[in-house]
**Q** 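Sharing a structure with you now.
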Amino acid sequence: VRKIIPDYDKMRKTLLIISLPFLLAACEKPAIDASNDESLKTSIQKARDSLPEEKRGVFDESLKVLAFSQVDLKTLMTAGEASSEALESKMKEALNGKTAEQVIAQAGQVMQERKEKEREQALAEIKELEGKRLAAEKSREELRKLVVSRSRFYKRKGTFEVEPII
């Protein structure tokens, strides 16, 4: 073929360069479009349909994790209605432009960060409890040293009632 077409290598490279964008466009996975509610619903369904059947459940859970990772209940309760609109835009922003695989990957990252945060909180709580246990043991030792050598018990008439005095 090279003898028949003198610039075969140049033509092959040119053909590859020209066809590369078309190949990439054909391989492109559907992305989520959060510009409005209707396009959000349809693009999520397209992204879901682009996945194999066994990954669709994971995708559904990942959507929930990623969308609700933007929720701050404290801010939502204090700010009210204005905060719910901001929350909705944050949720859409978190999903906009992502493919199904990207949603799953980012949700996995969010869940990993949550686990790490929970682990750190648990370690801090364990450390605090160990400190309280040591303080309790020290107090117990101090109580063992306490000896009551003598005590008296009597009652004294107060303003309204009789008060016991030790």
Side-chain angles (χ1 to χ4, degrees), residues 1-140:
V1 175
R2 291 181 190 199
K3 291 180 182 179
I4 299 172
I5 304 173
D7 291 332
Y8 177 75
D9 288 331
K10 285 183 181 179
M11 192 169 71
R12 193 174 81 180
K13 287 179 185 177
T14 306
L15 183 61
L16 181 65
I17 291 172
I18 291 172
S19 63
L20 189 61
F22 295 110
L23 288 173
L24 291 176
C27 295
E28 187 175 313
K29 305 255 181 175
I32 297 173
D33 176 20
S35 58
N36 60 49
D37 290 342
E38 188 61 35
S39 65
L40 180 66
K41 287 178 186 178
T42 57
S43 62
I44 285 175
Q45 189 60 42
K46 285 179 184 177
R48 186 177 189 278
D49 292 341
S50 73
L51 290 172
E53 190 67 37
E54 63 272 3
K55 281 192 166 185
R56 290 180 183 176
V58 175
F59 174 71
D60 294 338
E61 287 300 314
S62 297
L63 270 176
K64 293 174 190 174
V65 167
L66 196 56
F68 289 111
S69 70
Q70 307 299 315
V71 175
D72 180 17
L73 291 177
K74 183 178 179 183
T75 306
L76 184 64
M77 296 305 251
T78 57
E81 187 68 30
S83 178
S84 66
E85 292 172 4
L87 177 64
E88 184 179 344
S89 69
K90 280 184 181 181
M91 285 180 170
K92 287 181 178 180
E93 185 180 316
L95 297 172
N96 194 30
K98 291 187 174 46
T99 64
E101 293 292 335
Q102 289 172 330
V103 168
I104 292 171
Q106 191 166 358
Q109 185 179 14
V110 166
M111 291 172 62
Q112 184 65 32
E113 289 171 0
R114 282 183 187 168
K115 284 181 183 179
E116 186 62 33
K117 189 175 181 181
E118 288 175 2
R119 182 179 177 279
E120 289 173 3
Q121 288 175 343
L123 289 174
E125 188 174 338
I126 288 170
K127 187 176 180 179
E128 179 184 345
L129 290 172
E130 285 177 348
K132 287 182 178 182
R133 182 180 55 86
L134 290 174
E137 287 177 6
K138 185 178 177 182
S139 296
R140 189 176 299 123

**Q** Which atoms form the tightest heavy-atom contact between A31 and S43, and what is the distance?
**A** O-CB, 3.6 Å

**Q** Give me each pair satisfying salt bridge (Lys or Arg N to Asp or Glu O under 4.0 Å) with a member in residues 56-69, each pair once, sequence neighbours excluded.
**A** R48-D60, E53-R56, E61-K64

**Q** Test of understanding: with salt bridge (Lys or Arg N to Asp or Glu O under 4.0 Å), list the residues that count as partners of R140, not counting sequence neighbours.
**A** none

**Q** What pairs with N96 under side chain to side chain contact (heavy atoms under 4.5 Å, CB included), at least two apart in sequence or on another chain?
**A** D33, A34

**Q** Just checking K46: does its NZ atom have more than 12 heavy atoms from other residues, nucleotides or ligands closer to it than 6.0 angstrom?
**A** no

**Q** Restricting to salt bridge (Lys or Arg N to Asp or Glu O under 4.0 Å), what partner residues turn up for E38, sequence neighbours left out?
**A** none

**Q** Is the shortest heavy-atom distance from the side chain of D37 to the side chain of K92 under 4.5 Å?
**A** yes

**Q** Under a 4.5 Å cut-off applied to non-hydrogen side-chain atoms, are L51 and V58 in contact?
**A** no

**Q** Would you name the heavy atoms of L95 and I32 that are closest together and state the gap between them?
**A** O-CB, 3.5 Å

**Q** Just distance, no hydrogens or angles: give the donor-acceptor pairs under 3.5 Å from side chains in residues 97-125, sequence neighbours left out.
**A**
residue, atom, partner, partner atom, Å
K98, NZ, A94, O, 3.1
K98, NZ, Q106, OE1, 3.4
T99, OG1, Q102, N, 3.3
E101, OE1, K55, NZ, 3.3
E101, OE2, K55, NZ, 3.2
Q102, OE1, T99, N, 2.8

**Q** Taking salt bridge (Lys or Arg N to Asp or Glu O under 4.0 Å) as the definition, give me every residue that meets it alongside D49, ordered by chain and number, with sequence neighbours left out.
**A** none

